[in-house]
Amino acid sequence: MTLEVFFAGDADRWAAYRDPLKRALREAGVAAKLRDSAPEPARVDAVVCGPGAAEFDFAPFVNARAVLCLWAGVEKLLANPTLTQPLARMVDPAMTEGMVEYVVGHVLWHHLGIGVDLARQDGHWQPRSVKIARDRQVTVLGLGALGQAAAGALAALNFRVHGWSRTPRSVSGVICHSGDGGLRDALAAAEILVTLLPHTPDTEGLLDARRLSWLPPGAMLINPGRGALIDEDALLAALHSGQVAAATLDVFRTEPLPAGHPFWAHPRVTVTPHIAAETRPVTAARVIAENLRRLATDEPLLHLVDRARGY
Ligand code: NAP
């Protein structure tokens, strides 16, 4: 059986993914016609798409048995009412590597006080004591593909790592908390907090004024998850009071972050433009090809999104 696969993406993305996808399909032994146009949508077996497909009309693809997303976060796709087919999200090993490097780099920046030193290049010799990792507690909210990898890498550097998930998890070297009852303990431990949660109705505005007050005073925050996890006004107030000493923010409620937003000029906020971890075509193509192989052989798909949970 030859699968009809439609790539729903712009010309640049098609140019980046076409050859890696064709190679990965060949290597996986999947017979597929991969196209960036769909003259007969009813003949398409699977749609491959990026986040730009939030507005795409999936309704004509009446026989598609899967929509395979190239992105990890799928909240915008889930809001598309025409997308009724089973949806699989991306868990790309190279994207995970990128996220681990981003998290470790920014945790070390805050842990070592590099920003503090940069702000004090004023000709005054001001020695200060610097903690080592085993004396520093870091909490990772979200223990999925990315959170577990980041928490594991931090534990390997000797940080005392706590993690928090919806359901109970066991991660080597990580003190795991779960559910609403576990959040307060997870936040109370967080000298440095890393948020790697998806945006769902349950996580919307999770870090509000009340929950930010559960952090140890002077905590540092790194958010490469989603902007909507945080009440931005509450974070600005916490930065003003010193409850939060500094923040690295990669994702925002409005992206691009508008010119003139207070985060841009804040002396203790580092803004990165949603670059923490991107999908890499060569490795992601192998994930897509494996799911198409499963589709062809009627095996369960990997990384299916649970619509009721929202991730
Ligand atoms: P994942 O594998 O689906 O893991 C999500 C984790 O969050 C799981 O541990 C889950 O708990 C936990 N969770 C979800 N809802 C929760 C709730 N209400 N309470 C407590 N825990 C909850 O996702 P992932 O691949 O690690 O990716 C996480 C997020 O990172 C993505 O959704 C995306 O928003 C973001 N991301 C950002 C970038 C970037 O460049 N900035 C790149 C990629 C991804 P369970 O373990 O119990 O299910």
Side-chain angles (χ1 to χ4, degrees), residues 50-51 54 69-79 87-106 139-154 161-171 174-187 190 193-208 211 214 221-230 247-257 270-280 283-284 287 301-311:
C69 181
L70 293 166
W71 257 240
V74 289
E75 69 279 6
K76 288 187 181 153
L77 277 179
L78 286 179
L87 171 65
R89 67 188 197 95
M90 180 50 63
V91 178
D92 166 21
M95 174 169 58
T96 303
E97 273 179 47
M99 184 60 84
V100 167
E101 290 176 20
Y102 181 93
V103 169
V104 168
H106 285 277
T139 292
V140 180
L141 298 186
L143 289 175
L146 300 176
Q148 285 200 22
L154 293 168
V161 184
H162 292 247
W164 183 68
S165 52
R166 195 177 53 84
T167 54
R169 299 271 161 201
S170 170
V171 183
V174 178
I175 301 160
C176 293
H177 310 266
S178 62
D180 291 345
L183 181 57
R184 195 171 186 142
D185 287 344
L187 290 179
L193 179 67
V194 180
T195 47
L196 274 170
L197 293 162
H199 178 202
T200 72
D202 288 339
T203 63
E204 160 70 39
L206 183 85
L207 292 177
D208 57 9
R211 297 198 183 97
W214 295 349
L221 168 67
I222 299 164
N223 182 22
R226 279 292 180 263
L229 303 174
I230 297 178
T248 297
L249 306 174
D250 186 55
V251 282
F252 304 89
R253 284 187 175 264
T254 305
E255 293 182 12
L257 184 65
T270 303
V271 171
T272 59
H274 201 146
I275 43 114
E278 64 182 88
T279 306
R280 311 278 161 171
T283 41
V287 179
L301 298 186
L302 300 173
H303 317 310
L304 276 177
V305 173
D306 179 333
R307 284 189 159 81
R309 289 184 327 195
Y311 69 100

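Read the numbers this way: they start at 1 and go in the same order the structure lists the ligands and their atoms. Position 1 is the first residue of the sequence, and the numbers go up from there.
- Summarising the local packing, CG of D180 is surrounded by 12 or fewer heavy atoms from other residues, nucleotides or ligands at distances under 6.0 Å.
- Within 4.0 Å of ligand 1, counting heavy atoms only, the contacting residues are A72, G73, R89, M95, M99, G142, L143, G144, A145, L146, G147, W164, S165, R166, T167, R169, L196, L197, P198, D202, T203, P224, G225, R226, D250, V251, H274, A276, A277, Y311.
- Ion pairing of E204 with R253 is present here, as a side-chain N (NZ or NE/NH1/NH2) and a carboxylate O approach within less than 4.0 Å.
- Looking only at side-chain heavy atoms (C-beta outward), L221 and L207 come within less than 4.5 Å of each other.
- Put simply, the side chain of T203 does not reach to within 4.5 Å of the side chain of T195, judged on heavy atoms.
- A donor-acceptor pair under 3.5 Å is absent between the side-chain atoms of N223 and the main chain of L249, judged by distance alone.
- Between the side chains of Y102 and T272, at least one donor-acceptor pair of N or O atoms lies under 3.5 Å.
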